[in-house]
Protein chains: 2
Amino acid sequence: MAKTNAAFMSGIPELVVLRLLSRSEMYGYELIRAIRLTSGESIVLAEGVVYPTLHGLEQRGLLKAKEKLVKGRVRVYYQTTAKGKKRLVAIENDWHRINNGVEAILRRLICQN
Amino acid sequence: MAKTNAAFMSGIPELVVLRLLSRSEMYGYELIRAIRLTSGESIVLAEGVVYPTLHGLEQRGLLKAKEKLVKGRVRVYYQTTAKGKKRLVAIENDWHRINNGVEAILRRLICQN
DNA sequence: CCTAATGCATATTTGTTATAGGTATGATAC
DNA sequence: GTATCATACCTATAACAAATATGCATTAGG
């Protein structure tokens with residue numbers, strides 16, 4: 001468990017990657033910064049997390065990769081596919097459901113066994 | 001990945017167990033029902049998840065166990081200790097921080113890289 | 001020159017949850 | 001009376017995903 005993230009991270013990389021790349025295409029390094037900045041430093045994913053995630057999502061057809069040569073350096077741009085967007089909707093729903101469940105327990109809206 | 005829970009579950013068992021047992025003592029089976037009901041069926045933890053969690057938390061001094069004989073049957077009641085409540089506050093904070101980070105990305109409040 | 005930042009990649013470890021069993025008692029229904 | 005379900009506990013193993021720790025190569029800055 002990292003000092004910065006500390007638990008509650010399962011599923012998060014897939015969710016945030018699909019979400020950010022559904023809006024605009026990005027390359028890995030850029031995406032890592034975007035996750036950190038957009039989350040207000042709350043979510044910091046190392047390269048060893050993001051790159052395998054990108055490769056996995058691409059293999060599953062949820063992302064599409066495209067190589068570009070920028071300043072003599074190869075960048076791999078990724079973009080969420082239509083299939084990826086469907087998947088995104090599904091896991092967003094899952095995330096909200098789990099979240100509501102936890103909130104209900106923390107706030108104890110309902111009660112009694 | 002379970003059909004009911006589907007990702008986003010890391011850290012959740014510890015959090016909800018510490019939270020529910022900080023309010024009132026419960027025995028394992030009762031706790032399992034309480035998690036399911038209080039979360040509105042959103043979070044369903046099997047016995048194979050809850051019992052090891054209880055044992056682990058007790059070993060770490062975050063829970064205190066007490067055996068009771070009820071209707072000729074032994075029940076093990078658990079209760080969150082003072083140390084457990086401190087830990088609870090810490091992971092509740094972690095949980096909210098991660099949550100806010102994900103929300104910011106989903107809603108894209110902030111932007112630009 | 002040397003260092004930091006950029007940019008990609010992957011093998012291995014670690015930590016947790018999920019699964020799938022196992023034991024035993026009490027209550028209910030047929 | 002006996003079959004079945006709910007109660008109540010337990011643990012070993014599998015499965016999975018993130019974290020860690022690397023490696024390589026290029027560019028910009030001091």
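Worth saying up front: this structure is predicted, and the values here are computed from it rather than measured. Each chain gets a letter, A, B and so on, in the order its sequence line appears, and its residues count up from 1.
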Handout entry: Closest to the B:Tyr29 side chain, choosing from D:dC9, C:dA9, C:dT19
Key = D:dC9
Exercise for the section: Output the single nucleotide from D:dC10, D:dA19, D:dT11 whose closest atom is nearest the side chain of B:Pro52. Expected result: D:dT11
For [X] and [N], give me the distance from atom [atom1] to atom [atom2], rounded to whole Å.
X: A:Ile43; N: D:dA19; atom1: CD1; atom2: C1'; value: 15 Å
X: B:Arg75; N: D:dA6; atom1: CZ; atom2: P; value: 17 Å
X: B:His55; N: D:dA8; atom1: NE2; atom2: P; value: 15 Å
X: B:Leu57; N: C:dT16; atom1: CG; atom2: C1'; value: 13 Å
X: B:Lys71; N: C:dT28; atom1: NZ; atom2: C1'; value: 13 Å
X: B:Leu54; N: C:dT17; atom1: CG; atom2: C1'; value: 15 Å
X: B:Lys68; N: D:dT7; atom1: NZ; atom2: P; value: 19 Å
X: B:Gln59; N: D:dC10; atom1: CD; atom2: P; value: 12 Å

[N], OP1 or OP2 - any side-chain N/O from [X] closer than 4.0 Å?
X: A:Tyr51; N: C:dA9; value: no
X: A:Arg33; N: C:dG7; value: yes
X: A:Tyr27; N: C:dG7; value: yes

Practice task
Show your reasoning for whether salt bridge (Lys or Arg N to Asp or Glu O under 4.0 Å) applies to B:Lys64 and B:Glu58.
Solution key: CA-CA 6 Å; B:Lys64 199 177 63 178; B:Glu58 192 200 355; over 6 Å; no
Mind checking if [X] touches a base, just sugar-phosphate, or nothing, with heavy atoms under 4.0 Å?
X: B:Gly28; answer: sugar-phosphate
X: A:Glu14; answer: nothing
X: A:Pro13; answer: sugar-phosphate

Problem - A:Arg73 (side chain) and D:dT27 (base): donor-acceptor pair under 3.5 Å - result: no
Handout entry: Chi angles and distances behind the side-chain contact (heavy atoms from CB on, under 4.5 Å) call for B:Phe8, A:Ile91
Key = CA-CA 9 Å; B:Phe8 308 122; A:Ile91 59 181; 4.2 Å; yes
Practice task
Evaluate salt bridge (Lys or Arg N to Asp or Glu O under 4.0 Å) for A:Arg60 paired with A:Glu14, printing each intermediate quantity in order.
Solution key: CA-CA 12 Å; A:Arg60 290 160 61 195; A:Glu14 179 180 356; 3.5 Å; yes
Practice task
Validate the cation-pi geometry between B:Lys66 and B:Tyr77: distance from NZ or CZ to the six-membered ring centre under 6.0 Å, angle to the ring axis within 45°.
Solution key: no
Problem - Any side-chain heavy-atom pair of A:Arg23 and B:Arg108 under 4.5 Å - result: yes
